[in-house]
Number of protein chains: 2
Amino acid sequence: MAATKKIEDEELMRRLALVFQSHGYEGASLATISQATGLKKPSLYHRFPRGKEQMAEEVLRHAGEWIDRNLLDPLRAPASPRQRAELFATRIGSLYHRGKDSCLLNLLSVTKSEDNPFAGMIHETFRRLSRSLSQVARDAGADPKDARLRAEEVLIAIQGALVLSRGIGSTAPFRRMQKKIPDLLVASRREDR
Amino acid sequence: MAATKKIEDEELMRRLALVFQSHGYEGASLATISQATGLKKPSLYHRFPRGKEQMAEEVLRHAGEWIDRNLLDPLRAPASPRQRAELFATRIGSLYHRGKDSCLLNLLSVTKSEDNPFAGMIHETFRRLSRSLSQVARDAGADPKDARLRAEEVLIAIQGALVLSRGIGSTAPFRRMQKKIPDLLVASRREDR
DNA sequence: GCCACTATACCGAACGATCGGTATGGTTGC
DNA sequence: GCAACCATACCGATCGTTCGGTATAGTGGC
């Protein structure tokens, strides 16, 4: 150990995430990041030797861990499928500040470079979400294929509601979608397809 | 009355749209745009005196007109609500190249500046889409409030499917969502809310 | 038909500003 | 003393933008 950190890792990650998810990867300049974190550029390079790309990577990793702990673990808790789906819905609300924030997975999937450096991590995070969600649907009686489709529907609803809410400057669509998550995942359906 | 254009307005708009929707606003550098259009940077300023921001504005306006002509007008055509919804679904598919492209409304709602210069146009486009979609739901028998919610659901499904498809590198979610659009908009529902 | 003029379209070169990234050296806490 | 941490100052490259100038094409006067 040595000189005290000016900002703790946890808080640093939170602020970095906020910058990336409000301006995107290219839009988040080191000047902006420096101002948001209180660390000058050399200090940022002390914390992230590989620079801006590493910052985004670790923010993505940190978000992935938050998702594992606060979204996916509860989906496997010993409770009824509906209870688990409802807890998931409330947690989704706090993750995105009830619709005010954007999703890192969406914003970081757009970069200037032809092949996105974060594509792998983004893909994998969506996959983990999908698997855990579909397991809940299976526990509620859905067959494997229907369960996978329900998980996909939930992910689509979340991402779409975030995009629309930002697009129209109102969190109402997100809040309406949030209430529908449990039914999308575990409610039985009429056979009218 | 002048020298011949190296690239016609229509084709220019199409290429600009492609650049913005694959790299985002900040990610679309003038160097990239120049390469994609075949016009050097000064020539771009001849076409768009106010620079990059004007390019994005006009691309957005051009896309809005395409939507009005190819998506919204058919929604008011003299056909059954379901037929109109189905035509809408196929047109959505061609707009986004069956899920391969991203949505300009999503990508251009992220910029480095604090207040997005395109927010107004994006908001307005979503609003026009919502109004026309909800009218179809009303024609199918939905009451005004339910119709508005159905329109919102369709917009959420489209945006969410595009985000997810890009995130996992597969157009399967988009294609599945596309098939569901007519039912979301005009199918009668079980009363289990 | 021919020349002078104007308008449009385009581009090489360079602008100041900002980009991401670093070399150097001081300060802090063990 | 020493390692961790951070700031001043600076780097080359690229950003969006602009200047000066050329090529093309239609117009009006004669």
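Throughout, protein chains are lettered first and strands after them, A, B, ... in sequence-line order, and every chain is numbered starting at 1.
Protein atom OH of Tyr45(B) is 13 Å distant from nucleotide atom C1' of dC19(D), rounded to whole Å. In this structure, His23(B) atom NE2 and dG16(D) atom P are separated by 13 Å, rounded to whole Å. Rounded to an integer number of Å, the gap from CZ of Arg47(B) to P of dC10(C) is 4 Å. Summarising the geometry, the separation between CG on Leu16(B) and C1' on dG16(D) is reported as 15 Å, rounded to the nearest angstrom. Rounding to whole angstrom units, CG of residue Leu30(A) and P of dA7(D) are separated by 15 Å. When rounded to the nearest whole Å, the span between CG of Leu39(A) and P of dA4(D) equals 17 Å.
Defined by atom type and a distance below 3.5 Å, a donor-acceptor pair is present between the side-chain atoms of Arg166(A) and Ser109(B).
Relative orientation of the Tyr25(A) and Phe20(A) rings is parallel, given thresholds of 30° and 60° on the angle between their planes.
Taking only distance into account, the side chain of Lys41(A) meets the base of dG21(C) through a donor-acceptor pair shorter than 3.5 Å.
In this model, the phosphate group of dC5(D) is approached by a side-chain N or O of His46(A) to a distance below 4.0 Å at OP1 or OP2. Look at Thr4(B) and you won't find any side-chain N or O under 4.0 angstrom from OP1 or OP2 of dT24(D). OP1 and OP2 of dC10(C) both lie 4.0 Å or more from every side-chain N or O belonging to Lys6(B).
Comparing atom distances between the Lys40(B) side chain and each of dG12(C), dG16(D), dA23(C) picks out dG12(C) as nearest. The nucleotide whose nearest atom lies closest to any side-chain atom of Ser43(A) is, among dA23(C), dC11(C), dC6(D), dC6(D). Across dG20(C), dA13(C), dC10(C), the shortest atom-to-atom separation from the side chain of Pro42(B) is found for dA13(C). In the set dC19(C), dC10(C), dA7(D), dC19(C) carries the atom at the smallest distance from any side-chain atom of Lys112(B).
In this structure, Ser22(A) contributes its side chain and Leu18(A) its backbone to a donor-acceptor pair below 3.5 Å. For the pair Ser165(A) (side chain) and Ala161(A) (backbone), a donor-acceptor distance under 3.5 Å is present.
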